[in-house]
Amino acid sequence: MGIYSFGDFELNEDSRALRLGGSEIEAQPLVFDFLAVLLRHQDRAMSKDELLETLWPGVTVTEASLQRVASLARGILRQGGMETALRNLPRFGYRICIDRPDGSENKAVPAGEVGKPSGPGSPILLARAAVAVRKWREAATAFAEADAADELLTADLEEWALALECMGRPMEAIPLLARAVTEYGVAGKRLRAASPAITLAMIHLERGELAAAKGWHKRAAQLIDSETESREHGLWCWMGARIKGAEAEPEHALALAEQAFEVGRNIEDPVVESLGLIYRGFFKLCLGETKSGQEDQDFAAALGLSSDVDPIVGGILYCNILWACRNFGDWARANQWTLSYEGWCRGHGLEELTGSCRLHRAEVLGVHGTLKEAEALVRAALDQLALDAPWATGDALRVLGDIHLAAGDFTEAETAYRASHAAGWDPQPGLALLHLEQGQAEAAFSALERSLVGNRWPTLQRRGLVLATLAKVAARTDRLGRAKEVIAELESEPQRWPMASIRALAAEAKAELFMREDRLAEAAQELQIACSRWTEIGSPISCADARLSLAALLIQLGDRTGAELELGTVLAVATKVDSPRLMRRYEALMALLAGAPALAAGA
């Protein structure tokens, strides 16, 4: 048993106390034992088997348990800027590497050598304690008081910045992170300085400030230098993937995400591994590898969220999946992840849901027909996105337009879609559907064709939804050749477009095409398929639209009973979701049905 001093830490085995900068910090018993045994044997590496037997004597546990303990230990060391001291030796074990001046020994560091000592109840102790229990508002207030009292270590600046990010105030974190980069650099900790530099790149990218993001990313590369088997290099690759995605270079982005994943796997760092994996899946989806991309994303979330990641990393994992689900129209999967994300946010001290979370939920609610709640939520999302992710404002306005369109508020829908376009976002296919409702089919066709141009990730991920809508509009404008060409593209790659929403839209497009070719019975079959698909994902408004088209077709075929059945279901939906648009179409078809002859017996 002994006392080990390393960096600003002191670990006392006899009293089982771990101190940072003279202040005691909490550590789970297994994490404390893990650090203690590595410090006791710091002259060598310890194998996984040896560590498993030492920490869990006589108990059979998997390496995943050891990996989790190591992840928690690294998180504690990060508070003092020493997470790189814990080295993972792939396929062997772990070692703690502490650089000390020659002749130094492991003994307690005299008070005053690690910064201003902190007594019980001091602001810095309160701040660190608040971070440990995820009380971010209390932590931010205490960190500010500790800063005024000159109690902060450099690593505390990063924790303060994290608290501000978790409160939805990332702009306030920027000067703190810049200070951390400078202070680590002055202390000669160049590799350690790369971490806050990468966080700065992320915050600026979320704000749509690509030049600033690239500048901090390049600064991080200089700091990392040749340390390519490091956590910082893995995070740099991940951030590089995001930047390349913003620059419409999906192939390059995929390569960098793959590199981040490999670094994380090699050093057994679940944060780096899961971030690399989530974006590898994201860019696979952009490039048409749908099944593999979805598998990557789902596994990345399970990996990261079972490894005690901080709320920002957890939010990135969840949001990434949800953005992809929404862009692909994968509504069943989006609903599952959205509900899970909301619970996760509250469980990690995020009192206010992020703007992205509100946006995800709003669109899912709109699809499920809860229009008024969806509108309120997307308006709240717009306020929050202005603070934490301004680049997504255009997408939020697009969702607002979709909600107004579903309700039949065409003027409000057009206003929202135009605002979305002005914010730099493509409001398709919603705007094209609005044009159809307004009798502007030619404008709808031209807009959808333009929407397919480009290599940005939203364009690539929404391609299936846009193509399916384009096929429908092409048939409506008598461009039957183009309609068949688009339908063939969708049906020739079923693995790329497996989502029920895209298949439902494709079925509606085929129905439109068959009606133009006077193949009415086949058109009716396709509309029945569409109804089934929309029901499968719980989209009552889209299903009601398909039923209205089917009812009109059945009236034309003379099937009065079938038309009445479809219209009865539409009435129930229109009443429940309070959609004047559906009600207007219902009433028009009921009037038409009243004057239609009954189907002759045996016809």
Side-chain angles (χ1 to χ4, degrees), residues 78 81 83-84 143 152 154-228 230-249 252-253 255-257 259-260 263-264 269 271-272 275-276 278-279 282-283 309-313 315-317 319-320 354 356 385-392 457:
R78 188 175 302 120
E83 73 271 24
T84 56
F143 275 127
L152 295 185
T154 305
D156 290 321
L157 293 171
E158 292 182 274
E159 294 296 301
W160 186 3
L162 174 64
L164 291 168
E165 288 181 81
C166 291
M167 293 166 60
R169 291 156 53 184
M171 281 294 289
E172 295 176 42
I174 290 176
L176 302 176
L177 292 164
R179 276 175 61 187
V181 174
T182 300
E183 290 184 16
Y184 281 131
V186 169
K189 299 179 179 179
R190 290 178 59 82
L191 182 61
R192 187 66 187 83
S195 184
I198 293 166
T199 305
L200 282 165
M202 179 189 73
I203 291 175
H204 283 295
L205 186 65
E206 287 289 340
R207 292 189 56 77
E209 298 162 355
L210 183 57
K214 291 171 68 176
W216 281 111
H217 190 247
K218 187 172 182 178
R219 175 62 177 142
Q222 292 177 330
L223 293 165
I224 294 166
D225 197 15
S226 60
E227 298 283 344
T228 55
S230 65
R231 185 176 202 266
E232 288 76 10
H233 181 64
L235 292 173
W236 182 87
C237 291
W238 158 71
M239 197 64 237
R242 296 191 61 181
I243 289 172
K244 289 301 177 186
E247 293 182 319
E249 297 184 37
H252 194 171
L256 283 167
Q259 193 173 349
V263 170
D269 186 318
V271 169
V272 177
L275 287 173
I278 201 83
Y279 273 90
F282 186 86
F283 290 111
V309 298
D310 67 55
I312 300 303
V313 173
I316 290 169
L317 297 176
C319 276
N320 194 284
T354 66
S356 295
L385 287 170
L387 298 174
D388 57 35
W391 66 270
W457 65 263

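Just so it is clear, the values below take in all heavy atoms, side chains as well, and ignore hydrogens, waters and symmetry mates.
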Non-neighbouring partners of W216 that pass side-chain hydrogen bond (donor to acceptor under 3.5 Å, both in side chains), sequence neighbours left out:
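Counting only residues at least two positions away or on another chain, W216 forms no side-chain hydrogen bond (donor to acceptor under 3.5 Å, both in side chains).
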E206: what forms a side-chain hydrogen bond (donor to acceptor under 3.5 Å, both in side chains) with it, not counting sequence neighbours?
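Counting only residues at least two positions away or on another chain, E206 forms a side-chain hydrogen bond (donor to acceptor under 3.5 Å, both in side chains) with R242, W391.
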For [X] and [Y], which heavy atoms make the closest approach, and how far apart are they?
X    : Y    : answer
N320 : F282 : OD1-CD1, 3.2 Å
E232 : R192 : OE2-CA, 4.4 Å
A389 : S356 : CB-OG, 4.4 Å
A260 : G234 : CB-O, 3.4 Å

So, using side chain to side chain contact (heavy atoms under 4.5 Å, CB included) as the criterion, who are the partners of [X] when residues are at least two apart?
X    : answer
A180 : T154, L157, E158, Y184, P196
A248 : N455, R456
A212 : H204, E209
L210 : L205, K214, I243, A246, E247

For the atom pair [atom1] ([X]) and [atom2] ([Y]), what is the distance rounded to the nearest 0.5 Å?
X    : Y    : atom1 : atom2 : answer
R219 : I224 : CZ    : CD1   : 11.0 Å
K244 : H252 : NZ    : NE2   : 5.0 Å
L191 : S230 : CG    : OG    : 4.5 Å
D156 : L176 : CG    : CG    : 11.0 Å
L162 : L177 : CG    : CG    : 9.5 Å
I312 : T199 : CD1   : OG1   : 9.5 Å

Run the side-chain contact (heavy atoms from CB on, under 4.5 Å) check on M239 and M202 step by step: do they pass?
CA-CA 7 Å; M239 197 64 237; M202 179 189 73; 3.7 Å; yes
Go through K189 and E183 one step at a time and tell me if the side-chain contact (heavy atoms from CB on, under 4.5 Å) criterion holds.
CA-CA 9 Å; K189 299 179 179 179; E183 290 184 16; over 6 Å; no
Among L256, V272, L275, V263, whose side-chain contact (heavy atoms from CB on, under 4.5 Å) with W238 holds?
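In the set L256, V272, L275, V263, the residue that makes a side-chain contact (heavy atoms from CB on, under 4.5 Å) with W238 is L275.
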I'd like to check the salt bridge (Lys or Arg N to Asp or Glu O under 4.0 Å) partners of R190; sequence neighbours left out, ordered by chain and number.
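Listed in chain order: nothing, the list is empty.
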side-chain contact (heavy atoms from CB on, under 4.5 Å) assessment of Y279 paired with I316
CA-CA 10 Å; Y279 273 90; I316 290 169; 4.1 Å; yes
side-chain contact (heavy atoms from CB on, under 4.5 Å), that's the test. Do I203 and E165 meet it? Break it down for me.
CA-CA 9 Å; I203 291 175; E165 288 181 81; 4.0 Å; yes
Please examine the side chains of R207 and M171, heavy atoms only from C-beta on, and report whether any two atoms are closer than 4.5 Å.
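The answer is yes; the side chains approach within 4.5 Å.
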Would you confirm whether the ring centroid of F283 sits within less than 6.0 angstrom of the ring centroid of W457?
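So the answer is no for these two rings.
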Measure from the side-chain N and O atoms of W236 to the backbone N and O of I198, and report whether any donor-acceptor pair falls under 3.5 Å.
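Looks like no, no N/O pair under 3.5 Å.
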